[in-house]
Amino acid sequence: MVYDILVVGGGHAGLEAACIAARMGARVHLLTILVENIALASCNPAIGGLGKGHLVKEVDALGGVMGRITDACGIQYRILNASKGPAVRGTRAQIDMDLYRIYARDLALNTPNLTISQAMVSEILLDEARQKAIGVRTNIGKDYYAHKLIITTGTFLQGLVHIGENRLENGRFGESASNDLSNSLRALGLTLGRLKTGTCPRILGSSIDFTHLEQHFGDETPPHFSYTTRDFTPAQLPCYITYTTKRTHELIRKNFHRAPLFTGQINGVGPRYCPSIEDKISRFADKDRHQLFLEPQTKQATEYYVNGLSTSLPYDVQEQVIASIPGLENAIITRYGYAIEYDYVLPTQLHHTLESKAINSLYIAGQINGTTGYEEAAALGLLAGINATLALQKTAPKRFSFTLESLILKRDESYIGVMIDDLVTKGTNEPYRVFTSRAEYRLLLREDNAIYRLLEYAKDIGTISERYARQFMQDKQHIAQGLEFLSRQYITPNKRTQSFLAHLNLPPINQKTALIYIVGKDEFRDFDALEEFLHSEQESANAKKIDSSKVLALEIPAFSHFSQAAKEQIRIQAKYHDYIQKQLASIANMHTQLQATIPEDFCYEGISGLSLEVVEKLSSARPKTLFDASKISGITPASLDVLHLHLHLQTKKTRVDSSSDLASNKQTMH
């Protein structure tokens, strides 16, 4: 049998790729080393967080499954940065990691169009004449064929686990590494690099003394990830806070000579923003302690994950370190922490669709792209699955008919777009993770508006039901209608207006003011009262026989009929109205810039602000427009700004020279 799509690897990326492609109608086959471990949370038992929560919401908006599974399997839910603005808030959930993988496995096994086999892939099969991937061979010699191939192998390529001086060829502790597949990718001409990540020890829950530990609770009104989740009232468990001590630091310093991170045993580059405890103590020697979170791994809380204590120290040192921490003096380690090195494919070898530039029909997604985190992997897997399915229209046009040829999300549309653009244009030499600071337009890319930002794409690929599509389309219309009205409707500081504002506990105004600034105040909550006030103003104008167009710029929206979600969107956008308008203007200006044409004989050499690498790539590719230049790997937004400025100056100089020549010619004629 020839499948439409083969997915290799059953982690978070593989699950999303397989499920979304099957939902779009492709015949998908997933190959994974252990069916039981599909979407296993192999590190911390949590989903979401700052930046990462945005990704989960975007995955959900496009039809992915991570948000739904998390809502079903969570044991604590919180909004991080709740005291800050909505652009930098992040939803985070502790999950029952056992229930999560069981739920994910059952979901995959019951997804129409999706079949699964337990197998290890050792080789990619290639049609050399067309430089096209056509299938895979497993380590038992069985071949599988497909029109499109998606590789989502996570940390399994040449995986090497480190615990002290001990090294194990594992892709995850206890699971065999995939060495042959790594060699196969190299044989195809792909360049691979080496990265490192790590995990923390797990502790037997009954051996922890919680007596003097600070409890850390979820939100009273728990937030959820999926727009499909209703009546959300999960039971929540607390986490606990403890700290390392001077004794902890002394133990670790004394054993630096046994730490693989410092002995040269580990060659891969580790994650900058999630360093191991030995790395933290080395780099921040002035700190007396580091905060640790004890996070329950299941609803039964039989095991706790010691978040903040990632380590690859020898097992005997780990035991001493754990015993030096308050509350863990008599704790029993059920699973030791470890570091893992693995191969990754340099992502600059991929198109924005995540298809290989060198090998047709080969897509690469997840941690193999150089990322770190379940959420980044899920988002990349989702986009690879979508784009592989959209590409099937060329091979099976009778079966597939979408309005899109590919889905390439822009940086001003989503965090997924920011991440993919960063990876394929800049590449990475360390594990990449998403932060809100990576997005130039983060005020537009909030968690709360993910479904509205990506709704049209979900409709185009058929991954949202008619019911939800109608609901959110109506919300979008109401939001647009409400914002236009509030932006154009002004109130003046008269007695009726001041009384109305006082009724809503809002400060008085002293000049003509657009309603958008009234609604944008933190104290404003009552849209029904606003609607009532506006109608009374209209009735008063009619009674006085005043031209209503002089009182109301537009017809009063029926705010009372708007959904709560739509009203909340209006309130948020009203609060940041001026900033949002500036960002929208910046985006419009950028899109205009990208249309600028580049002369065929344009000389890139000698332009201050362009690196030698950028000059070389532009000179070789000879892009026709700045948009074409933006798609070249390694060409950054800053490079485009410099290039646009020089194009503008050259055009201006050409006009000046032309005017001078014309004036000179006229003078000669006279």
Looking only at atom types and distance, does a side-chain atom of [X] sit under 3.5 Å from a main-chain N or O of [Y], one as donor and one as acceptor?
{"X": "T229", "Y": "H224", "answer": "no"}
{"X": "T111", "Y": "L114", "answer": "no"}
{"X": "T248", "Y": "T245", "answer": "yes"}
{"X": "D106", "Y": "Y103", "answer": "no"}
{"X": "N369", "Y": "G366", "answer": "yes"}
{"X": "Y344", "Y": "T371", "answer": "no"}
{"X": "R89", "Y": "K84", "answer": "yes"}
{"X": "T428", "Y": "P431", "answer": "no"}
{"X": "Q118", "Y": "V35", "answer": "yes"}
{"X": "S310", "Y": "C200", "answer": "no"}

Fill in: Test side chain to side chain contact (heavy atoms under 4.5 Å, CB included) applied to I464 and L62, T228, I451, the passing residue
I451

Check this for me: does any side-chain nitrogen of one of [X] and [Y] sit under 4.0 Å from a carboxylate oxygen of the other?
{"X": "E175", "Y": "R172", "result": "yes"}
{"X": "R335", "Y": "E303", "result": "yes"}
{"X": "R101", "Y": "E36", "result": "yes"}
{"X": "R453", "Y": "E58", "result": "yes"}

Would you say that [X] contacts [Y] through its side chain, given a criterion of any heavy-atom pair below 4.5 Å between the two side chains?
{"X": "E375", "Y": "V56", "answer": "yes"}
{"X": "I241", "Y": "L292", "answer": "no"}
{"X": "I572", "Y": "R446", "answer": "yes"}
{"X": "T152", "Y": "I368", "answer": "no"}
{"X": "I163", "Y": "S312", "answer": "no"}
{"X": "L149", "Y": "I151", "answer": "yes"}
{"X": "T463", "Y": "Y457", "answer": "no"}
{"X": "Y227", "Y": "D60", "answer": "yes"}

Worksheet item: Quick one: are the ring centres of Y304 and F210 less than 6.0 Å apart?
Response: yes

Discussion item. Could you check, using the six-membered ring where one of them is a Trp, whether F156 and Y342 have ring centers closer than 6.0 angstrom?
Written reply: no

Item to complete: Check step by step if side chain to side chain contact (heavy atoms under 4.5 Å, CB included) holds for F217 and R78.
Response: CA-CA 8 Å; F217 295 97; R78 295 179 59 229; over 6 Å; no

Practice prompt. Any chance you could lay out the side chain to side chain contact (heavy atoms under 4.5 Å, CB included) test for L185 and L157, step after step, and finish with the verdict?
Written response: CA-CA 10 Å; L185 288 167; L157 296 182; 3.7 Å; yes

Compute whether any side-chain donor of one residue and acceptor of the other, for [X] and [Y], lie under 3.5 angstrom apart.
{"X": "T311", "Y": "E278", "value": "yes"}
{"X": "E295", "Y": "Y305", "value": "no"}
{"X": "T263", "Y": "H257", "value": "no"}
{"X": "D343", "Y": "S182", "value": "yes"}
{"X": "T298", "Y": "D98", "value": "no"}
{"X": "Q367", "Y": "T372", "value": "no"}
{"X": "Y77", "Y": "Q94", "value": "no"}
{"X": "T115", "Y": "H29", "value": "yes"}
{"X": "R202", "Y": "T199", "value": "yes"}

Practice prompt. Could you walk me through whether H249 and T244 pass side-chain hydrogen bond (donor to acceptor under 3.5 Å, both in side chains), step by step?
Written response: CA-CA 7 Å; H249 296 202; T244 59; 2.9 Å; yes

Which atom pair, heavy atoms only, marks the closest approach of [X] to [Y]?
{"X": "R247", "Y": "S324", "answer": "CG-CB, 3.7 Å"}
{"X": "I95", "Y": "I75", "answer": "O-CD1, 3.8 Å"}
{"X": "P326", "Y": "L213", "answer": "O-CD2, 3.6 Å"}
{"X": "S178", "Y": "L181", "answer": "OG-CB, 3.3 Å"}

Worksheet, complete the sentence: Rounded to the nearest 0.5 angstrom, the CG-NZ distance for N267 and K196 is 12.5 Å

Worksheet item: About how many Å separate CZ of F472 and CZ of R467, when rounded to the nearest 0.5 Å?
Response: 9.0 Å

Item to complete: Kindly determine whether R272 and E430 satisfy salt bridge (Lys or Arg N to Asp or Glu O under 4.0 Å), including the steps that lead there.
Response: CA-CA 7 Å; R272 180 191 303 262; E430 63 182 64; 2.7 Å; yes

Cation-pi check, [X] to [Y]: give yes when NZ or CZ is under 6.0 Å from the six-membered ring centre and within 45° of the ring axis, no otherwise.
{"X": "R230", "Y": "F232", "result": "no"}
{"X": "R438", "Y": "Y432", "result": "yes"}
{"X": "K142", "Y": "Y144", "result": "yes"}

Worksheet entry | Step-by-step side chain to side chain contact (heavy atoms under 4.5 Å, CB included) determination, I208 to L328 | CA-CA 5 Å; I208 300 172; L328 305 183; 3.9 Å; yes

Practice prompt. List the steps, then state whether side chain to side chain contact (heavy atoms under 4.5 Å, CB included) holds for Y338 with H162.
Written response: CA-CA 6 Å; Y338 63 86; H162 299 265; over 6 Å; no

